[in-house]
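Below: the structure, in structure tokens.
Computed from a prediction, not measured in an experiment: that's the story for all the values here.
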Amino acid sequence: MTAPPHPLRAVRGEFVHFLADPAAYGDRALEHFADGVLVVRDGHVAELGPAAAVLAKLPAGTPLADYRGKLILPGFIDTHIHYAQTDIIASHGEQLLAWLEKYTFPAEARFADPAHAAEVAAFFCDELLKNGTTTALAFATVHPASVDALFAAAQRRQMRLIAGKVLMDRHCPDFLRDTAARGAVESKALIARWHGRDRLLYALTPRFAPTSTPEQMRLAGRLFAEHPGVYLQSHVAENRAEADWVARLYPEARSYLDVYDRFGQLGARAVFAHCLWLDDADRLRIADTGTAISFCPTSNLFLGSGLFDLERARALGIRVGLGTDIGAGTSFSMLQTLSEAYKALQLSGQTLSAASAFHLATLGGAHSLYLDGRIGNFLPGKEADFVVLDPRATALLARRSAGCATLGERLFVLMMLGDDRAVAATHVLGEAAWQRPE
């Protein structure tokens with residue numbers, strides 16, 4: 001295990017965080033300190049304010065990390081990602097269902113080997129941190145050891161991680177096929193072993209409705225009801241062919257989303273990726289139940305799945321976070337994911353301001369996961385996870401940033417031109433968890 005955080009430390013730099021959604025509250029939603037100091041006590045935010053005022057009352061000898069000239073935001077929050085698909089990122093030429101058969105299922109079969117799972121989990125967590133992501137909601141595989149490996153890797157790095165064993169008992173290869181009963185028993189054991197341990201939380205994980213029998217869906221819904229505080233994650237309406245398949249498998253359901261609703265899988269802490277091919281009845285049901293959507297622009301574009309209607313989701317009050325959706329997604333970088341989100345929305349005649357984008361990646365993601373009381377901004381008492389961004393990380397970024405007149409313009413340039421190279425450091429509970437080599 002890593003050493004406990006220093007009881008008191010401080011960080012100096014330019015700070016930006018959100019107190020609310022800028023799409024609703026405009027400039028009042030954002031707090032900015034051009035030269036600020038964040039005080040961290042026992043891994044949590046004690047204070048954030050102007051450097052001169054905070055430094056004047058800081059006890060002598062307090063460790064101070066000086067990031068002046070860099071921009072500091074709360075750690076990024078990835079609300080949908082598959083750690084077991086790390087090694088198939090950038091696999092060519094398929095849409096969703098063929099992509100699963102050709103690339104995903106063979107890759108996930110390797111996680112029957114605990115050593116392989118541990119090696120990938122370590123790389124995966126390090127890659128998240130390298131990209132400024134400190135919290136993730138992740139799929140493992142059907143193998144309980146794959147969940148153990150991921151939680152153990154995140155625990156060693158003190159990350160906040162939500163994950164779960166994939167439930168899949170039909171329409172998949174025999175080497176990945178579970179049974180409804182075994183899936184429920186193994187999920188229950190994993191909940192007992194990991195949920196609420198340090199910063200780890202469990203998510204029941206039916207892959208998607210086509211790969212679970214009604215009995216497995218029923219048992220997943222029952223476990224969700226029986227374990228308050230546990231999450232549920234799955235996929236909904238990502239692809240037209242997939243949605244048509246679900247309609248044939250569940251003819252009694254009004255819609256794809258209604259399948260999950262019938263099995264008690266909507267509600268607080270339920271997160272569904274994609275949600276592209278929904279109608280307003282579905283969207284209203286998502287809003288009314290407090291269910292969240294993970295917007296995954298890079299994978300939606302890569303697989304040719306469709307375009308997410310963020311404007312309508314916002315109008316109905318739906319909780320929305322951002323997901324990289326590795327491995328159909330094409331980057332661990334939340335900056336690149338924001339860039340793709342902007343472009344995807346442009347295709348729908350919608351726009352995404354820099355403030356709204358970074359809110360999605362921080363406080364918006366925390367809100368979608370019902371964790372905004374713990375993470376997502378720098379209010380006192382929050383867990384002190386943050387990312388340090390360098391606006392001069394590349395020659396082009398430095399040149400373009402030098403010509404920016406406003407904070408909004410600088411943030412927009414960072415999300416359009418930035419990637420992992422722009423991440424100078426990532427801190428978890430106030431401690432440096434990753435730093436760019438000088």
(Q) Tell me which pairs pass salt bridge (charged side-chain N to carboxylate O under 4.0 Å, His left out) where either residue lies in residues 416-428, with sequence neighbours left out. (A) K130-D420, D419-R421

**Q.** Check ion pair R218-E215 (N to O, under 4.0 angstrom)
**A.**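 Yes.
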
(Q) Between D258 and R285, does any NZ, NE, NH1 or NH2 come within less than 4.0 Å of an OD or OE carboxylate oxygen? (A)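 Looking at D258 together with R285, the answer is no, because their closest N to O distance does not fall below 4.0 Å.
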
Q | Criterion side-chain contact (heavy atoms from CB on, under 4.5 Å) against M159, the qualifying member of T134, T135, L129, D198 | A | L129

Q. Can you name the one residue among D169, T104, T141, L167 that meets side-chain contact (heavy atoms from CB on, under 4.5 Å) with R207?
A. T104

Q: Could you tell me whether the side chain of D390 reaches within less than 4.5 Å of the side chain of Y67, counting heavy atoms only?
A: no

Q. Within a strict 4.5 Å, meaning less than it, do heavy atoms of the L389 and V423 side chains meet?
A.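 The answer is yes, as the side chains (C-beta and beyond) meet within the 4.5 Å cut-off.
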
Q. Run the side chain to side chain donor-acceptor pair (under 3.5 Å) check on D78 and T133 step by step: do they pass?
A. CA-CA 7 Å; D78 191 335; T133 299; 5.3 Å; no

(Q) Could you walk me through whether D178 and K165 satisfy the salt bridge (Lys or Arg N to Asp or Glu O under 4.0 Å) test, starting with their C-alpha distance in whole Å, then the side-chain angles of each, then the deciding distance to 0.1 Å, before giving a yes or no? (A) CA-CA 11 Å; D178 212 345; K165 162 193 158 61; 2.6 Å; yes

Q. Just checking, R319 and Y370: is the charged tip under 6.0 Å from the six-membered ring centre and within 45° of the axis?
A. yes

Q) Hey, mind stepping through Q350 and D309 against side chain to side chain donor-acceptor pair (under 3.5 Å) and telling me if it holds? A) CA-CA 8 Å; Q350 301 181 28; D309 193 343; 2.8 Å; yes

Q: Assess whether side-chain contact (heavy atoms from CB on, under 4.5 Å) is satisfied between Y342 and T351, documenting all intermediate values.
A: CA-CA 7 Å; Y342 174 83; T351 191; 4.2 Å; yes

(Q) Quick one, R262 with E252, criterion salt bridge (Lys or Arg N to Asp or Glu O under 4.0 Å). Give me CA distance, side-chain angles, the key distance, then yes/no. (A) CA-CA 10 Å; R262 286 166 177 260; E252 71 282 3; 5.2 Å; no

Q.
F272 and ring-ring contact (aromatic ring centres under 6.0 Å, His included): which single residue from F208, F295, Y260, F308 fits?
A.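 The passing option is Y260.
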
Sidechain-backbone polar pair: [X] side chain, [Y] backbone, donor-acceptor under 3.5 Å:
{"X": "T362", "Y": "P74", "answer": "no"}
{"X": "W277", "Y": "S305", "answer": "yes"}
{"X": "R9", "Y": "P63", "answer": "no"}

Q: Assign the ring pair F378 / F386 to parallel, tilted or perpendicular, where the plane angle (0 to 90°) is split at 30° and 60°.
A: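 Plane angle over 60°, so perpendicular.
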
Q: Give the intermediate values and the outcome of ring pair (Phe, Tyr, Trp, His ring centres under 6.0 Å) for residues F139 and H80.
A: CA-CA 8 Å; F139 275 56; H80 183 69; 5.4 Å; yes

